[in-house]
Enquirer: 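Sending over a structure as structure tokens; questions will come in a sec.
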2 protein chains.
Amino acid sequence: MSGLHYDELNIHCPLPSMQKGLLTQSQIWQYAKASGDSNPIHIDDSAAKNAGLDGTIAHGMLVMGLLGEMISTWAGIQNIKTYRVRFKGVAKPGDILTSRGEIVKKYVSGNDKIIECKVLVENQRKEIIVDGSAAIRCQD
Amino acid sequence: MSGLHYDELNIHCPLPSMQKGLLTQSQIWQYAKASGDSNPIHIDDSAAKNAGLDGTIAHGMLVMGLLGEMISTWAGIQNIKTYRVRFKGVAKPGDILTSRGEIVKKYVSGNDKIIECKVLVENQRKEIIVDGSAAIRCQD
């Protein structure tokens, strides 16, 4: 059970945001090794340029994971009832990514007290990379 | 646009599944570095045991990313309209994780032709670690 109390959380409350330092090519290489996804557009600048990009881009799943990390750090992963995302943009080495969110809905479903949050990851230019929502199970 | 053609895809069609080799502690360490999430339950066996676990566990977001990778490899990440997951279990070093899915619904929404897929990651004992759904934009 999370330490989140349903009655203490209100619509429009922000979630604790999470800013990561500069996204580096090394992190993207690490993610490629961790995931086994070594698509050259993530790994190799000239291959990315041949594919019509400005240079390498981060794996979408890496960015989605950062957003999920913000939610699970706050609520505990076992309390995430659903987590839903849409991919809106790309993250590149040198970007500074911030995950943030706010509570948009509260409801009771069976025995569960649920808060629903809008969440997003944006870069230093306030461009949205991933947005989505999460439903979190709370205590009384 | 994906190379997926709406009219060629039918309900109950399986997605191309993706099996990763043995999940290793090294991969989990790599993910910790890539994500910046160095919670000791992922990193350090004795810390995980002190927390009441059998040993280290993989980040939930690492497993979610593997599932997303299967979907994006198949459909192209730009065609994932939504991707939704629930966390059901944990993955540990030594597990063999398989991502799979099937088409469960087809519908037209505005100009978009959408197929909806049920997806999951299971281990070598057929225990579900993550399940969820994805809505994919298709060509005619």
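Just so we're on the same page: letters track the sequence lines, and every chain starts at 1.
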Enquirer: Using non-hydrogen atoms and a 4.5 Å limit, figure out which bit of B:Ile77 sits close to chain A: side chain, backbone, both or neither.
Expert: both

Enquirer: Count I, L, V, M, F, W, Y as connected when their side-chain heavy atoms are under 4.5 Å apart, and connections chain through other members. Are B:Leu23 and B:Phe87 then in the same cluster?
Expert: yes

Enquirer: Establish whether A:Ile71 and A:Tyr6 are linked, either directly or via other cluster members, by ILVMFWY side-chain heavy-atom contacts under 4.5 Å.
Expert: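 Yes; tracing contacts between hydrophobic side chains, which count when under 4.5 Å, links both residues.
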
Enquirer: Atom OG in B:Ser133, atom CZ in A:Arg84: separation rounded to 0.5 Å?
Expert: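 CZ of A:Arg84 is found 8.0 Å from OG of B:Ser133.
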
Enquirer: Do A:Ile43 and A:Val63 belong together in a cluster built from hydrophobic side chains that touch within less than 4.5 Å?
Expert: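 No.
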
Enquirer: Look at the side-chain heavy atoms of Ile, Leu, Val, Met, Phe, Trp and Tyr, link any pair under 4.5 Å apart, and say whether A:Val108 and A:Val104 land in one connected group.
Expert: no

Enquirer: Does B:Lys106, at its NZ atom, have more than 12 non-hydrogen atoms belonging to other residues, nucleotides or ligands within less than 6.0 Å?
Expert: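 Above 12, so yes.
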
Enquirer: Does atom NZ (B:Lys20) have a neighbourhood of more than 12 heavy atoms from anything else shown, all under 6.0 Å?
Expert: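 Yes, NZ of B:Lys20 has more than 12 neighbouring heavy atoms, counting only those of other groups under 6.0 Å.
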
Enquirer: Quick check against the 3.5 Å criterion: does A:Gln27 have a side-chain atom that pairs as donor or acceptor with the backbone of B:Ala34?
Expert: yes

Enquirer: How long is the gap from CG on A:Asn39 to OG1 on B:Thr73, to the nearest 0.5 Å?
Expert: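 If we round to the nearest 0.5 Å, A:Asn39:CG and B:Thr73:OG1 are 8.0 Å apart.
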
Enquirer: Can you tell which part of B:Ser72 gets under 4.5 Å to a heavy atom of chain A, answering side chain, backbone, both or neither?
Expert: side chain

Enquirer: State the CG-CE distance between B:Asp37 and A:Met70, to the nearest 0.5 angstrom.
Expert: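 The CG atom of B:Asp37 sits 13.5 Å away from the CE atom of A:Met70.
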
Enquirer: Which pair of non-hydrogen atoms, one from B:Lys81 and one from A:Arg86, has the smallest distance, and what is that distance?
Expert: O-CG, 2.8 Å

Enquirer: Rounded to the nearest 0.5 Å, what separates atom CE in B:Met61 from atom CG in A:Leu62?
Expert: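 B:Met61 CE to A:Leu62 CG: 12.5 Å, rounded to 0.5 Å.
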
Enquirer: From A:Gln78 CD over to B:Lys88 NZ, what is the distance, rounded to the nearest 0.5 angstrom?
Expert: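 Going from the CD atom of A:Gln78 to the NZ atom of B:Lys88 covers 14.5 Å.
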
Enquirer: Do other residues, nucleotides or ligands put more than 12 heavy atoms under 6.0 Å from B:Asp140 CG?
Expert: no

Enquirer: Do B:Tyr83 and A:Met64 pass the side chain to side chain contact (heavy atoms under 4.5 Å, CB included) test, and can you show the C-alpha distance, the side-chain angles, and the key distance before you say yes or no?
Expert: CA-CA 10 Å; B:Tyr83 171 35; A:Met64 182 179 64; 3.5 Å; yes

